[in-house]
Each structure stands twice: as structure tokens, then as C-alpha cells.
Number of protein chains: 2
Amino acid sequence: MSDTAHILKKHHLRQTNCRQQMIAHFSAHSYALAHSELEQALSEFDRVTIYRTLYTFLEKGIVHKVLDDAGATRYALCAHCTEHQHHDEHVHFKCMQCQTVQCIDTISIPNIQLPQGYSYIDSNFLVRGVCRQCNQL
Amino acid sequence: MSDTAHILKKHHLRQTNCRQQMIAHFSAHSYALAHSELEQALSEFDRVTIYRTLYTFLEKGIVHKVLDDAGATRYALCAHCTEHQHHDEHVHFKCMQCQTVQCIDTISIPNIQLPQGYSYIDSNFLVRGVCRQCNQL
DNA sequence: TCCATTATGCAACATTGTTGCAAATAATGT
DNA sequence: ACATTATTTGCAACAATGTTGCATAATGGA
Ligand SMILES: [Mn+2]
Ligand SMILES: [Mn+2]
Ligand SMILES: [Zn+2]
Ligand SMILES: [Zn+2]
């Protein structure tokens, strides 16, 4: 069974064309994808279908949301998440030159001490800078 | 001279009604404001004017952008920023109960070590959880 | 192969972000 | 106080993104 099929099966989702191609597209890219990018790449599917598929993937822990300072939300494959809990406490890096946002899985988000009375659920850490590729130009 | 007038003067901006009321509104709230909230509160001004004023305030270092996982960008007053550089490296906290996002000025963003080849510009750290007020219910 | 459940496409709409341009306004100098 | 000029505002129009309802199509299991 293909990788994409396996991911869907693992999360008890039906094997549909759109889902398979979306997962394949995520796998083929090392950076986080915006809705608009998926829409362009997979133009055979309706915008709403992609929208709803992203929602399903989020719920099931197949992808996680990646914050971007430029409006549109991005998404990237999760490494070890389940339907019940996301575990994506790694840093995200946005290159201000090529505008891509990537997961830096090797850097986990440092623990911080919240003020009295505040409780922690999760966090999202976006670092802006210039990526390796763009620095080498 | 009023506080709001002083802020505008300091940044060489004209004293206009919209700008003064927007700054007053920011000052009166301890949490980050979305465009839509300003629009509702200051309904005598056009949506576009508020939009452009936010843009001006961002440029001048009067407000900073606060990322939110729910689509709409929020803004909050800067403490020590100038036209030339923002210095808002503090943690932002979003309460998943009351949905407000606030600046936690007392917690600065921890330094992280980026991989070889990456250079750092700035960062945005959003912690999600439950705020003090909502926890005490 | 049939059926129940689920996913998709389409239409329609809501919200947010963005630009051009003419009219209104604020600052400046007289 | 008034005229001049640069800037700001409101309006219209549009682009992009997010969201829902509903009829039709497809999937997975019986
Ligand atoms: Mn990630
Ligand atoms: Mn802040
Ligand atoms: Zn880059
Ligand atoms: Zn709260």
C-alpha cells in the first residue's frame, strides 16, 4: 500500500482522490503550504473540498497549522500527532526572501514560565529570517 | 498635551481624529485588537481608513502585529519601538476561553540556536492556554 | 452488487485585505 | 485669520480567503 493510502487508513479516513493527492503534495514539499498553493497545484478539485480536507486533516492530526505573519494560514505534515493530541512543539522558520515557511523539527520550543494563574495548552513559535539557500546567493 | 497627541507628535504624524481615537482605544484595552474590533468600536470611520492607519502605525513603530491562530491579525501598542526597528520580542498569550490575546511583556522570547546557514531577523511566540481571569471562574 | 455513510462540487455568501481617486482636512507660512 | 500645500479620508470597486447548505457522487462494508 502506498504511503498516502497508509496515512489515510491509519486515521480511519476513506481513500479519496483529493485526500491522496493532497498528502502526496505535502510529502513532496519541504515547506508549509497555504490553501491557495494547494488550490493551484490540485486544480481538478474544488476550493471547498480542499478547505474541508484541510479541516479533516487538522482534526485527525495529519497536518498542523503553521502561523505566518502574512495573513494566509499554512499547513504542514505532522510527524507524530494523533487525533487526540497534536505534538508539534517545534520552531517554524519563515524566510523573508523566498517567503517559504518551514518546520525546524530539530529545534523544539523552549519551555517558558507563564505568570501565576495562567495555564499552558500549546504554543506556536515563528522565527523570521533568511534561510540557508537564500543566504548562499 | 494629551497622551495620544504626544504619541502622534513623537512619530511626526498629523493629529487626526481617527488616529487619536485609535490610539485611545488601544490604550484603553489590555489585549490585542483585531481590525474588526476597531471597526466596530470606531464606526464613524471608514474601514479603509482604519486599515491604512494600522499600516501607518506599524511602519512608525506605534503598534506591532500579534499573530493569532484564528485568521485575523491583531495589533497592540508597542512599548519601545521606533520607526526604524521594532523591539517586541515578548511572548503573546491567547486564552482559548475568552479568546483574547495579550502581550506578556514580562516574558521575553528565549534565544534559540538556528541551524547553520540560517540568519535571524525577529520572532513571534504565541502561547495558547487559559488566562488568569478565566481560570478563576 | 447493493446500501448506508461520507465526500464532493456548486452556488451563495461572509469576512478580510487592497487600490485608485476625488474631496476634505491638517500643518505651515504669511 | 487666511491661503497654500501636502497629507488624509471616504467611497467605490475589487481580490483573496473563509464558511455553509444542499443535491449528487463515490467509498467501504454487508
Ligand atoms: Mn511544523
Ligand atoms: Mn506584544
Ligand atoms: Zn529563503
Ligand atoms: Zn481568558
Side-chain angles (χ1 to χ4, degrees), chain A residues 1-2 4-25 32-60 62-75 83 99 101, chain B residues 1-2 4-25 32-60 62-75 83 99 101:
Chain A
M1 179 163 34
S2 77
T4 63
H6 179 252
I7 292 180
L8 290 174
K9 179 156 198 183
K10 192 171 72 184
H11 292 91
H12 310 101
L13 290 174
R14 290 189 177 177
Q15 309 286 336
T16 73
N17 213 256
C18 182
R19 286 171 181 169
Q20 285 170 339
Q21 292 203 221
M22 278 176 66
I23 292 180
H25 202 73
L33 300 171
H35 186 177
S36 62
E37 294 171 284
L38 288 160
E39 202 182 322
Q40 281 195 296
L42 307 177
S43 55
E44 69 253 51
F45 302 106
D46 194 83
R47 218 164 64 78
V48 178
T49 303
I50 293 174
Y51 166 76
R52 283 196 264 231
T53 303
L54 282 174
Y55 186 85
T56 303
F57 284 2
L58 268 183
E59 271 189 320
K60 294 288 183 174
I62 295 175
V63 300
H64 60 278
K65 225 182 240 201
V66 178
L67 297 193
D68 185 356
D69 57 319
T73 310
R74 291 171 181 278
Y75 304 85
E83 180 168 1
Q99 302 294 314
V101 183
Chain B
M1 180 161 33
S2 77
T4 64
H6 180 252
I7 292 180
L8 290 175
K9 179 155 200 185
K10 192 171 72 183
H11 292 90
H12 310 100
L13 289 176
R14 292 193 176 175
Q15 309 287 334
T16 72
N17 213 256
C18 182
R19 286 172 179 167
Q20 285 171 338
Q21 291 203 220
M22 275 176 67
I23 292 181
H25 202 72
L33 300 171
H35 186 177
S36 62
E37 295 172 283
L38 288 160
E39 203 181 322
Q40 282 194 295
L42 307 176
S43 55
E44 69 254 51
F45 302 106
D46 193 82
R47 217 164 65 79
V48 178
T49 302
I50 293 174
Y51 166 76
R52 282 195 264 231
T53 302
L54 282 173
Y55 186 84
T56 303
F57 284 2
L58 268 183
E59 271 189 320
K60 294 288 181 175
I62 296 176
V63 301
H64 60 278
K65 226 182 240 201
V66 178
L67 297 193
D68 185 355
D69 57 319
T73 310
R74 292 171 180 276
Y75 304 86
E83 180 167 1
Q99 302 294 314
V101 183

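Atoms considered below: every heavy atom in the structure, side chains included; atoms not considered: hydrogens, waters and symmetry mates. Within every chain, numbering begins at 1; the chains are lettered A, B, ... in the order of the sequence lines, protein sequences first and strands thereafter.
Across B/Arg19 and B/Thr53, no two heavy atoms sit closer than the pair CG-CG2, 3.8 Å. The shortest heavy-atom contact between A/Leu67 and B/Asp68 is CD2-O, 3.9 Å.
We find the CG-CD1 distance between B/Leu8 and B/Ile23 to be 4.0 Å, quoted to the nearest 0.5 Å. Atom CD in B/Glu39 sits 8.5 Å away from atom CG in B/Asp46 (nearest 0.5 Å). Atom CD of A/Gln20 sits about 10.5 Å away from atom CD1 of A/Ile7, to the nearest 0.5 Å.
Within a heavy-atom distance below 4.0 Å of DNA chain C, the residues of residues 32-44 of chain B found are B/His35, B/Ser36.
In this structure, the side chains of B/His35 and B/Ile50 come closer than 4.5 Å at one or more pairs of heavy atoms. Residues B/Glu37 and B/Arg74 have side chains in contact (heavy-atom distance under 4.5 Å, counting atoms from C-beta outward).
If you measure from atom CG of B/Leu13 to atom C1' of C/dA26, you get 12 Å, rounded to the nearest angstrom. Between A/Phe57 atom CZ and C/dT6 atom P there is a gap of 17 Å when expressed in whole angstrom units. For the pair B/Met22 CE and D/dT8 P, the interatomic distance rounds to 13 Å; values are reported in whole Å. Summarising the geometry, the separation between CD1 on A/Ile50 and P on C/dC10 is reported as 12 Å, rounded to the nearest angstrom. Computed from coordinates, the B/Asp68 CG to C/dT15 P distance equals 17 Å when rounded to whole Å. A/Leu8 has its CG atom 16 Å from the P atom of C/dT6, to the nearest Å. Rounded to whole Å, atom C1' of D/dT19 lies 15 Å from atom CG of A/Leu58. Atoms CG (A/Asp69) and P (C/dG17) sit 13 Å apart, rounded to a whole Å.
Between D/dT9, C/dT18, C/dT6, one nucleotide has an atom nearer to the side chain of B/Val48 than all others, and that is C/dT18.
In the interface, the side chain of A/Arg47 is paired with the base of D/dG18 through a donor and an acceptor atom under 3.5 Å apart.
Mapping B/Asn17 and B/Tyr51 onto DNA chain C by nearest heavy atom places B/Tyr51 at the nucleotide closer to the 5' end. Comparing B/Arg52 and A/Asp46, the nucleotide of DNA chain C nearest to each residue sits closer to the 5' end for A/Asp46.
Taking side-chain N and O atoms only, B/Thr49 has no distance below 4.0 Å to OP1 or OP2 of D/dC11. Taking side-chain N and O atoms only, B/Thr16 has no distance below 4.0 Å to OP1 or OP2 of D/dT8.
Nucleic acid contact class of B/Arg19 (heavy atoms, under 4.0 Å, all strands): sugar-phosphate only.
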